[in-house]
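Nothing here was measured: the structure is a model prediction, and the numbers come from that model.
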Amino acid sequence: MSVPSTTVSTSVLKSVPMFAAFREDQLRTLAPAVMRRSAPRGAVIMREGERVDSLYIVVAGRLKVMMGEADGKEMILGILGPGEIFGEMGLIDDGPRSASVIAIEPCDLLVVTKRVFKKCLAENVEVALAVLRVVVRRLREADRKLGSLAMLDVYGRVARLLLDMAEDVDGRKVVTKRLTKQDIGRMVGASREMVHKVMKDLEMSGYFEVWGSTIVLRDTMSPPH
């Protein structure tokens, strides 16, 4: 990351869900120990196999969590956005990083060192619960994704991914996160060419419309079972 670290204000910490329940005096104590860093697009924040020494909180921007395979291919495990955290599991079990985290657009991050993180867990029940909720949610998502990969064909996997990524905007389900077809392929376990064909077929069949850089899902795009 090319931009030097800077300390953060209590107002910035208060805007982060993990610290939202902190009192002002707790935030003032924590703030000097939390650093703010910027990362350009393409920056590798963590590498698979490395030891983790900090917890990261995404303030702005998006990052992809990816894992390399023996044949040289890569699999995208997820996309992280504002308010989400990563690095917490390695700080808890002291194990190496199980996947790499790479910025897919310029990012603004908060960095909490291992010492400060463990102190927060020991002294603040709300932080401990927040971290546990993140870990449990990710485990549930991993279980569901494994089930989808096993039970659905590529059409179903792409449809499920679009539904998972969709946000409610003015009563419509809209996918605003920009991902390449290669990235989608890495997330659903298919080739870029296959994803291109599936996306074109789904669009032609009326399951979604493309409005500029966004995808608007129609009611016919129901969750696959």
Any idea which heavy atoms bring [X] and [Y] closest together, and the distance?
X: Ser100; Y: Glu48; result: OG-N, 2.8 Å
X: Met66; Y: Ala99; result: O-CB, 3.3 Å
X: Pro82; Y: Ala60; result: CG-CA, 4.1 Å
X: Pro96; Y: Gly49; result: CB-O, 3.4 Å
X: Val116; Y: Val112; result: CG1-CG1, 3.6 Å

Please list, chain by chain and in numerical order, all residues satisfying salt bridge (charged side-chain N to carboxylate O under 4.0 Å, His left out) with [X], sequence neighbours excluded.
X: Glu50; result: none
X: Asp53; result: none
X: Asp170; result: none
X: Lys114; result: Asp94

Give, for atom [atom1] of [X] and atom [atom2] of [Y], the distance between the pair rounded to the nearest 0.5 Å.
X: Ile102; Y: Arg41; atom1: CD1; atom2: CZ; value: 11.0 Å
X: Ile79; Y: Ile104; atom1: CD1; atom2: CD1; value: 4.0 Å
X: Asp201; Y: His196; atom1: CG; atom2: NE2; value: 9.5 Å
X: Thr180; Y: Ile76; atom1: OG1; atom2: CD1; value: 6.5 Å

Are any of the side-chain heavy atoms of [X] and [Y] separated by less than 4.5 Å?
X: Arg218; Y: Glu209; result: yes
X: Ile57; Y: Val34; result: no
X: Val175; Y: Phe208; result: no
X: Val58; Y: Phe86; result: yes
X: Met165; Y: Ile215; result: no
X: Glu84; Y: Tyr56; result: no
X: Leu110; Y: Leu13; result: yes

In residues 18-25, what donor-acceptor pairs under 3.5 Å come from side-chain atoms, sequence neighbours left out?
from: Arg23; atom 1: NE; to: Asp25; atom 2: OD1; distance (Å): 3.0
from: Arg23; atom 1: NH2; to: Asp25; atom 2: OD2; distance (Å): 3.2
from: Glu24; atom 1: OE2; to: Thr10; atom 2: OG1; distance (Å): 3.1

* Which pairs with one or both residues in residues 186-195 pass side chain to side chain donor-acceptor pair (under 3.5 Å), sequence neighbours excluded? -> Glu74-Arg186

* With sequence neighbours left out, write down each residue that passes side-chain contact (heavy atoms from CB on, under 4.5 Å) with Lys119, or none if nothing qualifies. => Glu123

* To do: Check side-chain contact (heavy atoms from CB on, under 4.5 Å) between Ala190 and all other residues, then give those that pass, not counting sequence neighbours.
  => Val154, Val188, Met194, Val195

Among all residues two or more places apart in sequence or in another chain, which pass the side chain to side chain donor-acceptor pair (under 3.5 Å) test with [X]?
X: Lys64; value: none
X: Thr176; value: Glu167
X: Lys14; value: none
X: Glu105; value: Arg62

Please tell me whether [X] and [Y] are part of a single hydrophobic cluster in this structure, the criterion being side-chain heavy atoms less than 4.5 Å apart.
X: Leu163; Y: Val169; value: no
X: Leu161; Y: Val216; value: no
X: Val174; Y: Val210; value: no

* **Among Leu80, Leu109, Val65, the one residue meeting side chain to side chain contact (heavy atoms under 4.5 Å, CB included) with Ile45** => Leu109

* Main-chain N/O of Val12 paired to Ser15 side chain as donor or acceptor, under 3.5 Å -> yes

